[in-house]
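Keep in mind it's a predicted model, so treat the numbers as computed, not measured.
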Amino acid sequence: MLGLVCMFAGTLFAQISGEFVNNSETAVRATSQSGRGVHASSLSNYAIYGYSGLMPAIRGESLGANAIEGHSNSDIGVFGESGDGIGVYGVNLGDSGPGVAGYSYEAIGTRGQSQNNYGVYGQSFSTSGVFGYSNFGYGVEGNGTNNHGVHGTSTNSFGVYGTSEGASAIYGYSTSQVGVSGVSGNSYGVIGSSANFHGVLGSTASASHFDFYASSTG
């Protein structure tokens with residue numbers, strides 16, 4: 001069931017709304033060969049909002065551009081939340097561009113939160129698994145309750161890479177697992193740089209674990 005709902009007499013509704021009940025079909029689907037599959041803008045709320053019980057709430061595929069892109073003047077460009085899965089998941093199969101990229105002028109570049117899995121997870125075969133940049137806030141921030149706050153893997157580049165001009169480049173928090181975890185085959189697992197603050201910051205309340213832990217087979 002695909003519905004079209006417009007704005008009437010100053011009352012704000014969704015301009016495009018799709019819903020399927022008791023089946024596994026796609027609520028809203030759009031494809032494009034050279035442009036954006038779905039483009040939405042909002043001045044005061046979510047530009048794109050998706051909810052799903054079993055499948056990804058929002059999924060984007062692109063052969064030559066960004067699969068999912070979000071811009072916001074006063075809030076988060078792309079926000080992902082999951083109760084038992086991955087908040088934001090990005091995979092890059094090409095040779096340029098990270099799996100998940102976040103950019104912010106004054107706030108968080110990339111933020112993910114999950115109850116039982118990774119807060120932010122990215123995978124790439126030739127560049128950074130997770131990349132974030134911010135002028136004044138965190139480059140990459142992730143929170144996890146029962147798993148890693150930020151986890152990134154890469155075959156030939158950085159597992160997790162973050163830069164910031166005025167705060168922590170990479171920030172991860174977890175109540176029972178690793179705050180930030182990065183894995184790479186041929187480069188750094190985690191790298192962080194900052195002009196005025198910590199590049200990578202680690203802290204723990206456990207008496208038997210480390211604030212910062214690094215291991216190498218070399």
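- Summarising the geometry of S193 relative to A169, their closest heavy-atom pair is O-CB, 3.3 Å, with the distance given to 0.1 Å.
- The distance from the CZ atom of F158 to the CD1 atom of I191 is 4.5 Å, given to the nearest 0.5 Å.
- G139 and S164 get closest at one heavy-atom pair: N-CB, 4.4 Å.
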Evaluation steps, side-chain contact (heavy atoms from CB on, under 4.5 Å), between Y133 and E165 | CA-CA 8 Å; Y133 174 82; E165 298 296 331; 3.3 Å; yes
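- Two different hydrophobic clusters hold Y173 and V150 under the rule that ILVMFWY side chains link at heavy-atom gaps under 4.5 Å.
- Interatomic distance, CD of Q177 versus OG1 of T145, reported as 11.5 Å (0.5 Å rounding).
- What you find for V100 and T110 is that their closest heavy atoms are CG1-CG2, 4.0 Å.
- If you take CG on N196 and OG on S168, they are separated by 11.5 Å, rounding to the nearest 0.5 Å.
- S154 places no side-chain N or O within 3.5 Å of a backbone atom of S128 that could act as its donor or acceptor partner.
- When hydrophobic clusters are built by joining Ile, Leu, Val, Met, Phe, Trp and Tyr residues whose side-chain heavy atoms come closer than 4.5 Å, directly or via intermediates, V130 is grouped together with V190.
- When the side chains of ILVMFWY residues are joined at heavy-atom separations under 4.5 Å, either directly or via intervening members, V140 and F212 end up in a single hydrophobic cluster.
- Remark: side-chain polar atoms of S174 are paired, donor with acceptor, to backbone N or O of N147 under 3.5 angstrom.
- Residues S126 and N156 approach most closely at CA-CB, 4.2 Å, considering heavy atoms.
- Taking 4.5 Å as the limit, some side-chain heavy atom of I170 sits within range of a side-chain heavy atom of V160.
- S181 contributes atom OG, which lies 7.0 Å from atom OH of Y118 (distance to the nearest 0.5 angstrom).
- Judged by distance alone, with hydrogens and angles left aside, the side-chain atoms of T204 form a donor-acceptor pair with the main-chain N or O of S206 at under 3.5 Å.
- To the nearest 0.5 Å, the span separating CZ on R111 from CG on N143 amounts to 6.0 Å.
- One hydrophobic cluster holds both V200 and V120 under the rule that ILVMFWY side chains link at heavy-atom gaps under 4.5 Å.
- Expressed to the nearest 0.5 Å, how far OG of S134 lies from CD of E141 amounts to 10.5 Å.
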